[in-house]
Amino acid sequence: MLADNIFLKIANKQIPAKIIYEDDLCLAFHDINPQAPMHVLIIPRKVIATHAEISEVDRDLLGHLHLVAAKLAQQLGLQEGYRLVLNCKELAGQTVPHLHLHLLGGRAFTWPPG
Ligand code: AMP
């Protein structure tokens with residue numbers, strides 16, 4: 001199942017997505033069901049099922065994902081602010097078992113989240 005998740009298929013170009021950025025470690029594409037005017041997903045090429053499974057070996061990769069998120073936020077015109085979301089496991093709303101950052105922007109966000 002892990003080697004067969006939908007994000008891995010997007011990374012491997014087996015199914016299409018609106019990819020806006022990619023490098024050797026990660027890629028970013030528009031969410032198919034956007035929750036804000038701008039909603040981009042940033043995923044590592046490495047399959048990590050949930051945030052709970054990250055380890056020391058992923059330190060640089062996780063930093064890289066955040067640097068990419070910050071650069072994309074600037075490029076996408078989110079200078080006034082944006083929200084990064086990472087859902088971990090079903091209780092938090094995770095539906096795809098492949099670690100991903102949601103980069104959301106283009107509207108105001110409330111707190112606490114739903
Ligand atoms: P999460 O609920 O945190 O696991 O987030 C999964 C996200 O992936 C949701 O916001 C979905 O809308 C999005 N999604 C699912 N399938 C696709 C797809 N084929 N292309 C782009 N985004 C997708």
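Here, residue 1 is the first one in the sequence, and each next residue gets the next number. Every number for a ligand or one of its atoms is a count from 1 in the order of the listing. None of these values were measured; they are calculated from a predicted model.
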Review point. Measuring from Glu56:CD to Leu62:CG, what's the distance to the nearest 0.5 Å?
Key: 10.0 Å

Study note, to complete from the structure: Between the CZ atom in Phe29 and the CD1 atom in Ile42, the distance rounded to the nearest 0.5 Å is 10.0 Å

**Study point:** Under 3.5 Å: N/O of His39 near N/O of ligand 1
**Key:** no

Revision key, fill the gap. Rounded to the nearest 0.5 Å, the CD atom of Gln79 sits from the CD atom of Gln74 at a distance of 4.5 Å

Review point. With atoms numbered from 1 as shown, which atoms in ligand 1 lie under 4.0 angstrom from a non-hydrogen atom of Leu41?
Key: 8 (O), 13 (C), 22 (N)

Practice item. Test Leu101 against Leu41 for side-chain contact (heavy atoms from CB on, under 4.5 Å), laying out the working first. Key: CA-CA 6 Å; Leu101 286 177; Leu41 300 171; over 6 Å; no

Exercise for review: Step by step, work out the side-chain contact (heavy atoms from CB on, under 4.5 Å) result for Leu99 and His51.
Suggested key: CA-CA 6 Å; Leu99 185 85; His51 187 264; 3.9 Å; yes

Practice item. May I ask you to list the atoms of ligand 1 that are less than 4.0 angstrom from any heavy atom of His100? Key: 1 (P), 3 (O), 4 (O), 5 (O), 6 (C)

Check your understanding: Taking heavy atoms and a distance under 4.0 Å, where does Ile10 meet ligand 1: side chain, backbone, both or neither?
Key -> side chain

Review point. Backbone, side chain, both or neither: what part of Asn87 comes under 4.0 angstrom of ligand 1, heavy atoms only?
Key: side chain

Exercise for review: Would you mind finding which of Thr95, Leu99, Thr50 brings a heavy atom closest to atom 6 (C) of ligand 1?
Suggested key: Thr95

Practice item. Provide the number and element of each atom of ligand 1 under 4.0 Å from a heavy atom of His30. Key: 21 (C)

Review point. Judging by distance only, is a nitrogen or oxygen of Asp31 under 3.5 angstrom from one on ligand 1?
Key: yes

Point to revise | Protein contact of atom 8 (O) of ligand 1 - nearest heavy atom, named by residue and atom, plus distance | key: Phe7 CZ, 3.3 Å

Practice item. Decide whether the shortest distance between a heavy atom of Val85 and an atom of ligand 1 is less than 4.0 Å. Key: no

Revision key, fill the gap. Within 4.0 Å of some non-hydrogen atom of Gly93, the atoms of ligand 1 are 1 (P), 2 (O)

Exercise for review: Could you list the atoms of ligand 1 found under 4.0 angstrom from a heavy atom of Asn33?
Suggested key: 12 (O)

Exercise for review: Give the single entry among Leu101, Ile32, Ile19 that approaches atom 16 (N) of ligand 1 most closely by any heavy atom.
Suggested key: Ile32

**Study point:** Candidate pair His102 and Arg83, rule side-chain contact (heavy atoms from CB on, under 4.5 Å), full reasoning
**Key:** CA-CA 8 Å; His102 295 256; Arg83 180 167 287 183; over 6 Å; no

Review point. Could an N or O of ligand 1 be found under 3.5 Å from any N or O of Ile15, whether backbone or side chain?
Key: no

Review point. Is the distance between the ring centroids of Tyr82 and Phe109 under 6.0 Å?
Key: no

Exercise for review: Using distance alone, decide if ligand 1 has a nitrogen or oxygen within less than 3.5 Å of any nitrogen or oxygen in Val96.
Suggested key: yes

Revision key, fill the gap. Per-atom filter on ligand 1: closer than 4.0 angstrom to a heavy atom of His102 are 1 (P), 3 (O), 5 (O), 7 (C), 10 (O)

